[in-house]
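One structure is given here, and the rest of the page talks about it.
Quick note on labels: first sequence line is chain A, next is B, and so on, each numbered from 1.
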Amino acid sequence: MMFGLAALAIVVAAIMVLYRGIKGPRVYDRLLAINSMGTKTVILIALIGYMYERPHFLDIALVYALINFIGTIAFLKYRETGRLD
Amino acid sequence: MSFILTFILMLIFWVLLSGHFGLILVVSAVIFSLLVAYLSHDLLLGGVGLSSLIIKSVRFIAYLPWLFWEILLANFEVIYITLHPGMKIDPEVIEFDPALKTDVGITILANSITLTPGTVTIEAGKKSGFKVHSLTKGADLTEMVTKVKWIEGEE
Amino acid sequence: MDIGTIICGVLLFIGCFFILVASVGVLRFPDFFTRIHPAGKTDTLGQACVLIGLIFYEGFDFISLKLLIIVVFLLVVNPTATYALANAAFISGVKPWKKGDKRQ
Amino acid sequence: MNEHVIVQTISKILIPFIQLYALYVLAHGELGPGGGFQAGAIFGASIVLYVLAFGMKSAKLRFKSKVFDFLTSAGVFIFATVGVLCMIAGGAFLQYSSLPLPTKKLASGIGIYGIEIGVFITVTAVLVTIFFETAEQDDD
């Protein structure tokens, strides 16, 4: 119950951020929205793991946080230099 | 030196993550920690002496409670500004040079600034100095710079 | 209802409040550099609050240690990503908003 | 990111922990989510992070392309060796329970662990090779 309400609040927050991601106006606003939604997803995965009493979900949350970070850095680097290395 | 320290750190991290102590798992813990220490020992602790490492870690941990208190205060400020109907903001970009010597010091300062009152680091480096974007005029960062300098230490 | 569950509920409420306010901030602020303030720090604190609430619910064992690792990881990684974003925007020539300018 | 100090320092701190986490996922494939493929992807991600933070030149000095070419086939070799060992011991290909070990449970545990390590090595090597090739395609 408690976890369900918290998850709902985070989904609402993610939808609000998604609006910023659609509207822009700059690519950096969109990237900010994507990064922010990614970290919210980490919390959401942890909460869902507790809702269904499956703590193994935490491993997935940690991996998602990691991939989110690397993805943001990679995209920024590509924006700036036009290449990945 | 850094090899052994990395090995011990990795072993501790494995135990924190795992929580299972079967024979196969313990053997693989030791082998994998050795592997990671071999691959990355110069990344985590490259060229740092043991005594200075301990001193700096203790100082860093002593710095954390103050930082968390500042983060809490900072967030109430941001929440107040966000929910105020008049949106009372007056942003400015501050430039200063904290004269920090180490990369780790710069990183700690930049991330602390990002997490605390109405300020976000937008540029940080040894040569270029710091550029900080502040939500309201008159942000004061001298206390934080002093504390980070203390973590870096004089030796 | 034991004490851990109550503390967990309170922390979940505070954390969700922070996260919601951060999202409102991302919508309301006038330009990129001001938007990054709520996204960079209020969000981080809200997430830390939610996860620490889960630690109180769990009690102290290996699973709560894993939660603690996620909290530390987020506290290290989020400001770094925020810095990288702000720095990239600044270098590419996005001008910071001044008082009296038009909303973007 | 003209001065990469912060991203570089954070990467230096994170990379060893990411690598150990990948190996943890590899070793706990039976107990939780995970296994060879996921572990290989995470380990590959740590090397991708290194390339992003420090650039390709420094990465090429640290992780030789030739080593990854070797590892790609070494992983498959480990996988096949475990399978063939099962056949030599009198079972079918990859029938772990026929391995000459005290209990069947231990035999299948070690057998699965062996092929997971093989998968892990191949996946890491292939992912890193793909990333190196894509990042460098403009140089030709």
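- When heavy atoms are compared at a cutoff of 4.5 Å, Ile63(C) approaches chain A by way of both its backbone and its side chain.
- For Val24(C), the parts lying under 4.5 angstrom from a heavy atom of chain A are both the backbone and the side chain.
- A salt bridge does not link Arg26(A) with Asp31(C): every distance from a Lys NZ or Arg NE/NH1/NH2 to an Asp or Glu carboxylate oxygen is 4.0 Å or more.
- Atoms CZ and OG, from Arg35(C) and Ser36(A) in turn, are 12.5 Å apart once rounded to the nearest 0.5 Å.
- Ranked by heavy-atom pairs under 4.5 Å with chain A, the list Leu54(C), Asp43(C), Ile36(C), Val77(C) is led by Leu54(C).
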| Going through the distances and angles, do Ile19(C) and Lys40(A) end up as a side-chain contact (heavy atoms from CB on, under 4.5 Å)? | CA-CA 9 Å; Ile19(C) 292 176; Lys40(A) 283 181 180 56; 3.6 Å; yes
| Hey, mind stepping through Asn78(C) and Thr39(A) against side chain to side chain donor-acceptor pair (under 3.5 Å) and telling me if it holds? | CA-CA 8 Å; Asn78(C) 258 0; Thr39(A) 47; 4.7 Å; no
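- Summarising the geometry, atom CD belonging to Glu58(C) is positioned 8.5 Å from atom CG belonging to Leu58(A); distances are rounded to the nearest 0.5 Å.
- Here the closest heavy-atom approach between residue Arg20(A) and residue Leu27(C) is recorded as NH2-O, 2.9 Å.
- Counting non-hydrogen atoms of other residues, nucleotides and ligands closer than 6.0 Å to CZ of Phe62(C) gives a total above 12.
- Neither the backbone nor the side chain of Leu5(A) has a heavy atom closer than 4.5 Å to any heavy atom of chain C.
- When heavy atoms are compared at a cutoff of 4.5 Å, Tyr28(A) approaches chain C by way of both its backbone and its side chain.
- Proximity to chain C is limited to the side chain of Ile43(A), based on heavy atoms less than 4.5 angstrom apart.
- If you take OG1 on Thr82(C) and CG on Asn35(A), they are separated by 6.5 Å, rounding to the nearest 0.5 Å.
- Between Val26(C) and Met16(A), every side-chain heavy-atom pair lies at or beyond the 4.5 Å cut-off.
- Of all the listed residues (Val42(A), Val17(A), Leu62(A)), the one sharing the greatest number of non-hydrogen pairs under 4.5 Å with chain C is Leu62(A).
- With a 4.5 angstrom heavy-atom cutoff, Ile70(C) touches chain A via backbone and side-chain atoms both.
- Heavy atoms closer than 4.5 Å to chain A are found in both the backbone and the side chain of Leu20(C).
- How far CG of Asp29(A) is from CZ of Phe29(C): 13.5 Å, rounded to the nearest 0.5 Å.
- In summary, the aromatic rings of Phe3(A) and Tyr57(C) are positioned with their centroids under 6.0 Å apart.
- The shortest non-hydrogen separation linking Leu32(A) to Ala39(C) is CD1-CB, 3.6 Å.
- Between Met2(A) and Cys8(C), some side-chain heavy-atom pair lies under the 4.5 Å cut-off.
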